[in-house]
Amino acid sequence: MKTDLSAYNNSWYRPGSLLKRIFWHYTNWIFFKTGFFPFYGIKKFLLKAFGAKIGKGVFIKPFVNIKYPWFLSIGNNVWIGENVWIDNLANVSIGSNVCLSQGAMLFTGNHDYSKAGFNLCVEKIVIEDGVWVGASAIICPGVTCKSHSVLTVGSVATKDMEQYSVYTGNPAEKRK
């Protein structure tokens, strides 16, 4: 089968009103994807105003990109490092005491390469309490990182991670 991008159709996907998405796009660009506003309180307030559920003690460093805050839930005492990208086309749930290190990427969307129209596919991501996602690591759609699991630097989680385990590589495999 050959890919035919003229057949692509994601009209079924409705992530929110156009006006809401436009306002968030500019808010994200001005306050999150920049180093000009390092103030955590303003960022938490804005995320909540756009529908995110945010706990206490959440630190969001500069240059963070969040696709749709209304699909985001963050527990208490969470660190989100520089250049983290939360591409949440579907729900992303982040538990308490989680560290997303710099450059980590969470992707809830992908495309079905086996279909000519390259169909959009979306699945949630769940990151349970105590998880550490290393720098430049990637979590793919549909993955659950169970309690206190670790995804090491530059690794790619393509399947669920067991609790109290360390995963490394591409694709990430359990090491400890």
Side-chain angles (χ1 to χ4, degrees), residues 15-16 20-111 120-145 148-159 161 166-172:
K20 184 178 186 179
R21 288 183 285 143
I22 289 170
F23 277 129
W24 172 250
H25 174 80
Y26 287 107
T27 301
N28 190 34
W29 183 64
I30 293 168
F31 292 96
F32 290 83
K33 293 173 65 173
T34 178
F36 294 122
F37 291 94
F39 311 106
Y40 306 125
I42 293 171
K43 292 177 182 181
K44 291 187 331 186
F45 171 80
L46 290 169
L47 286 171
K48 287 179 181 179
F50 277 92
K53 294 173 183 70
I54 308 293
K56 296 178 181 179
V58 174
F59 295 96
I60 303 169
K61 293 292 194 169
F63 305 105
V64 169
N65 186 17
I66 299 170
K67 187 69 155 193
Y68 299 130
W70 46 93
F71 293 146
L72 183 61
S73 173
I74 301 175
N76 298 320
N77 307 310
V78 172
W79 299 347
I80 300 177
E82 293 89 350
N83 295 306
V84 166
W85 182 9
I86 302 175
D87 192 31
N88 56 332
L89 300 171
N91 289 327
V92 169
S93 175
I94 300 171
S96 294
N97 302 299
V98 169
C99 176
L100 301 179
S101 297
Q102 60 272 23
M105 294 184 269
L106 284 58
F107 297 126
T108 60
N110 205 344
H111 295 276
L120 177 65
C121 307
V122 296
E123 294 181 75
K124 70 180 181 179
I125 290 175
V126 176
I127 300 174
E128 295 181 356
D129 294 346
V131 170
W132 178 16
V133 178
S136 300
I138 297 172
I139 300 176
C140 293
V143 170
T144 296
C145 303
H148 294 84
S149 57
V150 175
L151 183 61
T152 64
V153 172
S155 296
V156 180
T158 59
K159 59 186 177 186
M161 296 169 36
V166 177
Y167 287 78
T168 189
N170 180 7

For this session: Could you grab the distance from atom OG of S73 to atom CG of L47, nearest 0.5 Å is fine?
Result: 11.5 Å
For this session: Please confirm whether the backbone N or O of G154 pairs with a side-chain atom of S136, one donor and one acceptor, at under 3.5 Å?
Result: no
Problem set entry | Reported CZ-to-NZ distance for the pair F71 and K53, which is rounded to 0.5 angstrom | 11.0 Å
Problem set entry | K124 atom NZ, over 12 foreign heavy atoms within 6.0 Å | no
For this session: Answer whether the closest heavy-atom distance between the side chains of V131 and S149 falls below 4.5 Å.
Result: yes
For this session: Would you indicate whether the side-chain heavy atoms of N97 and D129 approach each other to under 4.5 Å?
Result: no
For this session: Output the distance between atom CD1 (I66) and atom CD1 (I74), rounded to the nearest 0.5 Å.
Result: 6.0 Å
Problem set entry | Nearest heavy-atom neighbours spanning E128 and V98 | O-CG2, 3.4 Å
Exercise. What are the two closest heavy atoms between I139 and C145, and how far apart are they?
Worked result: CD1-SG, 3.6 Å
Exercise. How long is the span from the CG atom in N28 to the OG1 atom in T34, to the nearest 0.5 Å?
Worked result: 11.0 Å
For this session: With sequence neighbours left out, write down each residue that passes ring pair (Phe, Tyr, Trp, His ring centres under 6.0 Å) with H25, or none if nothing qualifies.
Result: none
Exercise. Looking at side-chain heavy atoms only, is the closest gap between D87 and M105 below 4.5 Å?
Worked result: no
For this session: For N76 and S96, indicate whether the former's side chain and the latter's backbone hold a donor-acceptor pair under 3.5 Å.
Result: no
Exercise. What closest approach, in Å, do A172 and Y167 show between heavy atoms, and which atom pair accounts for it?
Worked result: CB-CB, 3.9 Å
For this session: Identify the heavy atoms of N65 and K33 that sit nearest to each other, and give their distance.
Result: OD1-CD, 3.4 Å
Exercise. To the nearest 0.5 Å, what is the distance between CD1 (I125) and CG (L106)?
Worked result: 4.5 Å
Exercise. S155 side chain to L151 main-chain N or O, any donor-acceptor pair under 3.5 Å?
Worked result: no
Seminar exercise, completed: When rounded to the nearest 0.5 Å, the distance separating CD1 of I54 from CZ of F45 is 12.5 Å
Problem set entry | T108 side-chain N/O to L89 backbone N/O, donor-acceptor pair under 3.5 Å | yes
Compile the donor-acceptor pairs under 3.5 Å between side chains in residues 78-85 and protein atoms, sequence neighbours left out, one pair per line.
none

Exercise. W70 versus R21: any side-chain heavy-atom pair under 4.5 Å?
Worked result: yes
Exercise. Considering only heavy atoms from C-beta outward, does the side chain of L100 approach that of I127 to under 4.5 Å?
Worked result: yes
Seminar exercise, completed: Between V58 and Y40 the two heavy atoms that sit nearest each other are O-CB, 4.1 Å
For this session: Apply side chain to side chain contact (heavy atoms under 4.5 Å, CB included) to T144 and M161, showing your working.
Result: CA-CA 6 Å; T144 296; M161 296 169 36; over 6 Å; no
For this session: Might you point out which heavy atoms bring K43 and I60 nearest each other, and give the distance in Å?
Result: NZ-O, 3.1 Å
For this session: Give the ring-plane orientation class for F32 versus W24, where under 30° counts as parallel, over 60° as perpendicular and anything between as tilted.
Result: tilted
